[in-house]
Amino acid sequence: MTSGVDKWFKIAVNIKYLDISTVLQIGQSFRWVYNGETNEYISSINLDHDKTFDIVKLKQDDKFMYYTSVNNNNNKQLLHTWVRSYFLLDIDRKQLFEHWKIKDPKHFSNLSHIEPLCSSCCILQQDPWETLLSFICSSNNNISRITKMCHTLTELAGDEIPNCDQLSPLYTFPNSGQIIKVLTESILRENGFGYRAKYIIETAKKIVDLKLKDGMMELSDSQYLKWKISGSPYLEAREFALAFSGVGPKVADCFLLMGMGYHDVVPVDVHVNRIAQRDYKITSGSSNNKKTQIAKLKLEYTKYPTTRRKINFDLDLIRLFFRDLWGAYSGWAQAIFFAKEVGSTSGIVDGSVSKRKLLIKTEDDNSAVTKRIKVK
DNA sequence: CAGGTC
DNA sequence: ACTGG
């Protein structure tokens, strides 16, 4: 049943620069449910990082994004603040493009390739704790299963949220205390988490222990992570993140970029690695120059034991290459190339009909063909 | 084989 | 190593 009484608020956003159907489905957030009949997205959101969740709905037309909350008080001010910070609307996307066109003209000047992807040029500022767990689930995994696992996590250990117009119930994203209280490694394995089951339990345990040790038990997990990390230089923040089980350099960087606001971080996964080698001719070999760079990094990382243990220096050099090339918002630039590279499928759940495939249109999209040839 | 990690 | 598409 659809209530039809939702009071929607709106905010001016040109769909050309932020298309939520792209951004919410590209594989950085995993818990938005799309309703194909109403063209709305719905999720449970921890609006101000305290203990209460709102059920938030979003939709968009050419000029506006619309938002509402169907439970609690539909607090306009709270929602408005959250929308602005979640989509980082104060960041001038146009200006970023102008900067990248200057710094990397070869790959940014031809806007006929890039323009259709502007809308995917957005890094969401997500809930830190949820981001950490989501990307622990992401390792060696596909987006549709990651999505499923994130939802399963809420069903197994979150609280059901009373709400009026959803057929299937929605749950809060579980905090560390809930996870160690109601979940075990074997329960998670039985529910399809595979070897990541252990990482999730251990990470939840570690957060509980850290909060206890720091005397910060009253903080939510996300508040604690912010208190602990915010303002730290990247290397220290990464060292802290890498200490969690199941968190390697790639997951740590996703957490820092999308959960902690380190916008200059380029997480190096297989796709970014391929882009680096194919389009930017980053050699995978071992030139003298490269050896020198790695030696320099090793020296720099002596202060960071966990980093030294877990880092892959070749991939770390790729991260630094892109950071130096694209600058303070290099993580955002990476999102564009990531979308161009893989942007054909998403595992987002369609709450009303069936799964929906996301297609990103490019001028010369041979990528689908190219991929098939490569596979064969 | 999938946005890696142990 | 898990596991589903």
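Here the structure is a predicted model, which is why all the values come from computation and not from measurement. Sequence lines set the chain letters: A, B, ... in the order given, protein chains first and strands last, and positions in each chain run from 1.
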d([atom1], [X]; [atom2], [N]) in whole Å:
X        : N     : atom1 : atom2 : value
A:Phe193 : B:dC6 : CZ    : C1'   : 19 Å
A:Asn273 : B:dA2 : CG    : P     : 13 Å
A:Tyr195 : C:dG4 : OH    : P     : 13 Å
A:Leu133 : B:dT5 : CG    : P     : 15 Å
A:His271 : B:dA2 : NE2   : C1'   : 8 Å
A:Leu132 : B:dG4 : CG    : C1'   : 15 Å
A:Arg309 : B:dC6 : CZ    : C1'   : 9 Å
A:Phe135 : B:dT5 : CZ    : P     : 11 Å

Counting side-chain heavy atoms from CB outward, which of [options] is closest to [X]?
X        : options             : answer
A:Asn140 : B:dG3, B:dT5, C:dC2 : C:dC2
A:Val251 : B:dC6, C:dG4, B:dG4 : B:dG4
A:Phe338 : B:dG3, C:dT3, B:dC6 : B:dG3
A:Ser144 : B:dG3, C:dG5, B:dC6 : C:dG5
A:Lys148 : C:dG4, B:dG3, C:dA1 : C:dG4
A:Gln334 : B:dG3, B:dC6, C:dG5 : B:dG3

Inset, instruction - Kindly indicate whether the side chain of A:Lys250 and the base of B:dG4 share any N or O donor-acceptor pair separated by less than 3.5 Å? - result: no

Inset, instruction - Kindly say if A:Lys310 contacts the phosphate of B:dT5, meaning a side-chain N or O under 4.0 Å from OP1 or OP2. - result: no

Inset, instruction - Would you please confirm or rule out a distance under 4.0 Å between OP1 or OP2 of C:dC2 and any side-chain N or O of A:Arg189? - result: yes

Taking any heavy-atom pair under 4.0 Å as a contact, classify [X]: base, sugar-phosphate, or nothing.
X        : result
A:Phe244 : sugar-phosphate
A:Val268 : nothing
A:Lys198 : nothing
A:Glu190 : nothing
A:Arg196 : base

Legend entry - Partner nucleotide, any strand, of C:dT3 [Watson-Crick/G-U, under 3.5 Å]: B:dA2

Legend entry - Within the 6.0 Å centroid threshold, strictly below: A:Phe322 and A:Tyr280: yes

Salt-bridge present ([X], [Y]; N to O < 4.0 Å):
X        : Y        : result
A:Lys206 : A:Glu202 : no
A:Asp253 : A:Lys250 : no
A:Asp221 : A:Lys211 : yes
A:Glu98  : A:Lys101 : yes

Legend entry - Residue mapping more 5' on DNA chain B - nearest nucleotide basis, A:Val247 or A:Phe30: A:Phe30

Inset, instruction - Nearest-nucleotide wise, let me know which of A:Ser245 and A:Asn141 is further upstream toward the 5' end of DNA chain B. - result: A:Asn141

Inset, instruction - Would you check if the side chain of A:Arg93 reaches a backbone N or O of A:Leu18 as a donor-acceptor pair within less than 3.5 Å? - result: no

